[in-house]
Amino acid sequence: MDLQFAVIIFVLITGYFYSKQRFSVKKIFQLSTIARWYTIPALVISFLFIEKGLHMSLQDIVKAIFPIFFSEYWFLTSFVVILILQPILQPFLVSANRIQKLKMTGLVILLCHIPSFIGLVSQTDNYFFPSIELVFVYVILVGDLIKSFEQELSNKYFKFVVLFFTGSLLLIIFKGVVYQPYIYNELPKIPYWFLNGTESINAIIFAGTTFIMIKKIKIKKSRFILFLSPLVFDVYLIHDNNYMRSLIWEKIFDNKNHFNSSFLLFRSLLEPLVVFSICILLAFFRGQISSFIAKMKKVSLPQISASDKQTM
């Protein structure tokens, strides 16, 4: 749940800078390499220490080696799609005015969600479920809109930002009350993601207004923040890995057997902090090893002198 909002805010931030960024195939390969640092060890750990006796198939190995292509991380694969679409979307964002961007964003949102609402009202079986890639497209557009209307949203219309933030937050907090009539079949059944899923308009509103309010806060430069910032992405890759998620929450902490524990509140606060701290350390060491390998590659490359270049 919290991860879903974090993902939306991450894509919003990407959209905020999307029109200024350069498309780079190298960046896609770098993301795949970083993911591979965790998918391969996680697979080995799982089959050696967690699921002993299970056969490690060729399919498992290939998925670990090519994590983006085989969607080992749903967010990472969808995010790469957004990067690939940059040469198509970026020219529009650069050339269009604010009103044109607003109309295009509204159109994409309507195309994404109208079929879902029609399916909800008619209770059509297997009605359209918004594609996460299409959702990411309009989140990118929303991020660019926030940048285009930043002055108005931070000043003239900020009271509406707070109002929408409060309303979306209340819907998330009291989602059980909202869903209750549907559970007892008093109203047409609605899907679980309508209020707080990654595909939810309410989640987009909550993430967008949160982003605007955070941007309004003046935060001084901090060495601690600068240290953490490049490592947070690795934290996601470590703890949201299919194998590691099972190891952390089912094997190590065994949360399902502690729902009635008197230390439940303490565990719910401490466990995420412990996981985050360990993941940060692993990410730091991964970065140090990667930097060392990169330096060794530069040292091992043959140096070509100016005279050699002229003869070539």
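Everything numeric here is computed off the predicted structure, so don't read it as measured data.
Note that NE2 of His239 and CG of Leu282 are 13.0 Å apart. Values are rounded to the nearest 0.5 Å. Note that CD1 of Ile212 is 8.5 Å distant from CG of Leu12, once rounded to the nearest 0.5 Å.
For the pair Glu271 and Arg267, the salt-bridge criterion is met [side-chain N within less than 4.0 Å of a carboxylate O]. In summary, Arg98 and Glu152 engage in a salt bridge, as defined by a charged side-chain N under 4.0 Å from a carboxylate O.
By the criterion of side-chain heavy atoms lying less than 4.5 angstrom apart, applied directly or through intervening Ile, Leu, Val, Met, Phe, Trp or Tyr residues, Leu231 is not grouped with Met244; the two fall into different hydrophobic clusters.
Of all heavy-atom pairs spanning Leu141 and Val108, the tightest one is CD1-CG2, 3.9 Å. Between Ile99 and Asn97, the shortest heavy-atom contact is N-OD1, 3.1 Å. Across all non-hydrogen atoms, the minimal contact from Ser148 to Lys101 is OG-NZ, 3.4 Å. Closest non-hydrogen pair, Glu133 versus Ile82, comes out as O-CD1, 4.0 Å. In terms of heavy-atom proximity, Leu83 sits nearest to Leu31 at CD1-CD1, 3.8 Å. In terms of heavy atoms, Ala283 sits closest to Ile238 at N-CD1, 4.3 Å.
Annotation for Lys216: atom NZ counts as buried by contact number, over 12 foreign heavy atoms lying within 6.0 Å. With a 6.0 Å radius and a threshold of 12 heavy atoms from other residues, nucleotides or ligands, Phe233 has its CZ atom above the threshold.
The cationic group of Lys63 does not satisfy the cation-pi geometry with Phe70, failing either the under 6.0 Å distance to the six-membered ring centre or the 45° limit from the ring axis.
No donor-acceptor pair under 3.5 Å is formed between the side chain of Asp240 and the backbone N or O of Tyr236. Using a distance-only test at 3.5 Å, with no hydrogens or angles considered, no donor-acceptor pair links the side chain of Ser32 to the main chain of Phe29. Under a 3.5 Å cut-off, the side chain of Ser168 and the backbone N or O of Phe165 do form a donor-acceptor pair. With Gln86 contributing its side chain and Ser19 its backbone, the two residues share no donor-acceptor pair below 3.5 Å.
In summary, of the residues considered (Val11, Leu85, Val81), a side-chain contact (heavy atoms from CB on, under 4.5 Å) with Val137 occurs for Leu85 alone.
At a cut-off of 3.5 Å, with distance as the only test, a side-chain donor of His113 or Tyr138 sits close to an acceptor on the other residue. Side-chain atoms of Thr39 and Glu72 form no donor-acceptor pair, as typed in the model, at a separation below 3.5 Å. Residues Tyr73 and Asn242 bring no donor and acceptor atom of their side chains to less than 3.5 Å of each other.
Between Asp234 and Cys279 there is no side-chain heavy-atom pair separated by less than 4.5 Å.
Aromatic ring centres of Phe206 and Phe164 lie farther apart than the 6.0 Å criterion allows.
By the 30° and 60° cut-offs, the orientation of the rings of Phe160 relative to Tyr157 is tilted.
For Phe10, the ring-ring contact (aromatic ring centres under 6.0 Å, His included) partners two or more places apart in sequence, or in a different chain, are Phe75, Phe79.
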